[in-house]
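The structure appears right after this line, and notes come after that.
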Number of protein chains: 2
Amino acid sequence: MPPFDMGRVRDVSAPAEMNPCGACPVRSLTVCAALEAEELRRLAEILQTVRYEAGHTLFAEGDKADTLYNVTAGTMKLYKLLPDGRRQITGFLLPGDFMGLSVNEVYAYSAEAVTPVTLCRFPRKRMEALLEEFPKMQRRLFSMASNELAAAQDQMLLLGRKTAKEKICSFLLMLSQRAQRRGHKENPVHVPMSRADIADYLGLTTETVSRTFTQLKTSRVISLLEGSKVQIHDMDDLLDQAEGA
Amino acid sequence: MPPFDMGRVRDVSAPAEMNPCGACPVRSLTVCAALEAEELRRLAEILQTVRYEAGHTLFAEGDKADTLYNVTAGTMKLYKLLPDGRRQITGFLLPGDFMGLSVNEVYAYSAEAVTPVTLCRFPRKRMEALLEEFPKMQRRLFSMASNELAAAQDQMLLLGRKTAKEKICSFLLMLSQRAQRRGHKENPVHVPMSRADIADYLGLTTETVSRTFTQLKTSRVISLLEGSKVQIHDMDDLLDQAEGA
DNA sequence: ACGACCCATATCGAATGGAGGCATAGGCGA
DNA sequence: TCGCCTATGCCTCCATTCGATATGGGTCGT
């Protein structure tokens, strides 16, 4: 912990009557999609908009899970640790992604900001009450969880059976597709996380990630651009490389 | 496909008025838990009880997902394939487990019986209608999906960061805990699946699985018993071994 | 019932290789 | 300038691959 906590909460929420949700850029992607104006207003009542610096830990595995979050800007990482420090990043969260589902009222992973982030913050109890009231939102959350489950299974295939090169290609492809679904251009891809984070997400070491990037660059599959951007030369080629075809 | 399809459906459902759910041994574990008698009756109306032989494939990745299943007896495996045949088993289903959640109305994995199994079979459409009607069931399903998500994250940590020995120990531990939650004794553990299946679940090869079992046997952590059973000598020791402590 | 045979699965040894570990050098931003 | 992140060469090692053998359950013929 640094002497000054760079990640302290700054409440930047607008007065409730302005309804921050109305102008939310990621509303269509997340749990608030398809809510009526009145329902949105009720949701806005219980949320708080917060901002954290890169590197700030929001919560750790095992903490009491009394808050749910929705990412509205920036990138987060979720991870689990082994006693000796080995780390597995279970997911990167982009704007529109939801975080905080828990089992036994305890977080099953730690959460840290990769870039500066802004989040909607919901007290768990009040959120649950609202879910009771709005089955539409409940269904939406369930559907998001189903999607995450499918993504988790893809990740298991990647971790268990893919080679280093296939892992990196799959990773770039995933970032590209997620960017696209958020209305950004799918190429070049912005890769905001460090080599170490990529390694801990793909079950590799930083050295292997680095070497593999070089190899893909040399074989003209990708180029590394300014500002952590990666240019994909042939999307179909990358897709083949990602599945060993 | 064998000349006779050993896995064909045999409808063994009792007449509707007998309400097969009333006597269901896994009701408390699954989606039907906490349903009232009347709701159970409605559920029973839309389900069919089916039985398949070991080795039968219920559906394959990419098939239209118009049916949901609930395992009532036996063990199933779910898996994904790469074009060249590499396989990752994403999960083993035991009695009480649910299967068939889908994205884009298409199954994201293939499902095959490991042992003879009996299943409750729900038409997707009618199940969805019932979920609308019984929010209690919707919540229960969401809670089951959340648990699965947490389990998937544990599995990512295992696949990405654990050694062969830690993987095998974690696997045995998981089987033991799941048996316990189903009211069976947690030791010795029944391990109904082949070395190849274990390998494809843990991201190893059959040889490594075999060698690791011998190694654990030699170092007196476990014993292999008759009938695919594994005796765990010290549960706490196994837990330490599973996390590299 | 019994043994011979077969096939699938499991086991084991030796050699190989892909990714890891370590050290160092280079680059970039604070 | 300092410190962190990244890149790369060299060597190591764990798990894989390949090959061979053992085991065990099931089937068939006598």
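In what follows, every chain begins at residue 1, and chains take the letters A, B, ... in the order their sequences are listed.
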| In Å, rounded to the nearest 0.5 Å, how long is the span from OH of B:Tyr69 to SG of B:Cys120? |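 Taking OH in B:Tyr69 and SG in B:Cys120, the distance rounds to 11.5 Å.
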| task | Look at all strands and tell whether A:Ser210 reaches a base, only sugar-phosphate, or nothing, counting heavy atoms closer than 4.0 Å. | result | base
| request: Could you check whether A:Gly227 gets within reach of a base, just the sugar-phosphate, or nothing at all, counting any heavy atom under 4.0 Å? | output: nothing
Between the side chains of [Y] and [X], is the shortest nitrogen-to-carboxylate-oxygen separation below 4.0 Å, so that they form an ion pair?
{"X": "B:Glu186", "Y": "B:Arg181", "answer": "no"}
{"X": "A:Arg182", "Y": "A:Asp97", "answer": "yes"}
{"X": "B:Asp200", "Y": "A:Arg161", "answer": "yes"}
{"X": "B:Arg220", "Y": "B:Asp234", "answer": "no"}

Distance check needed: [N] [atom2] versus [X] [atom1], whole Å only.
{"X": "B:Arg86", "N": "D:dT17", "atom1": "CZ", "atom2": "P", "result": "10 Å"}
{"X": "A:Arg195", "N": "C:dG20", "atom1": "CZ", "atom2": "P", "result": "15 Å"}
{"X": "A:Ile168", "N": "C:dG18", "atom1": "CD1", "atom2": "P", "result": "17 Å"}
{"X": "A:Lys165", "N": "C:dG18", "atom1": "NZ", "atom2": "C1'", "result": "13 Å"}
{"X": "B:Leu159", "N": "D:dA15", "atom1": "CG", "atom2": "C1'", "result": "15 Å"}
{"X": "A:Leu202", "N": "C:dA19", "atom1": "CG", "atom2": "C1'", "result": "13 Å"}
{"X": "B:Gln215", "N": "C:dA10", "atom1": "CD", "atom2": "P", "result": "18 Å"}
{"X": "B:Glu53", "N": "D:dG26", "atom1": "CD", "atom2": "P", "result": "13 Å"}

Of the nucleotides [options], which one has an atom closest to the side chain of [X]?
{"X": "A:Glu207", "options": "C:dT11, C:dG21, D:dT6", "result": "C:dG21"}
{"X": "A:Leu204", "options": "C:dA19, C:dA10, D:dA15", "result": "C:dA19"}
{"X": "B:Leu224", "options": "D:dA7, D:dA15, C:dT11", "result": "C:dT11"}
{"X": "A:Thr208", "options": "D:dT8, C:dA19, D:dT16", "result": "C:dA19"}
{"X": "B:Arg211", "options": "D:dT16, D:dT6, C:dA23", "result": "D:dT16"}
{"X": "A:Thr214", "options": "C:dC12, C:dA10, D:dA7", "result": "D:dA7"}
{"X": "B:Thr206", "options": "C:dA19, D:dT17, C:dT11", "result": "C:dT11"}

| Phosphate oxygens OP1/OP2 of D:dT16: is one of them under 4.0 Å from a side-chain N or O of B:Thr205? | yes
| field | Which residue lies more 5' along DNA chain D, comparing A:Arg161 with A:Phe213 via nearest heavy atoms | value |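 Of the two residues, A:Phe213 wins.
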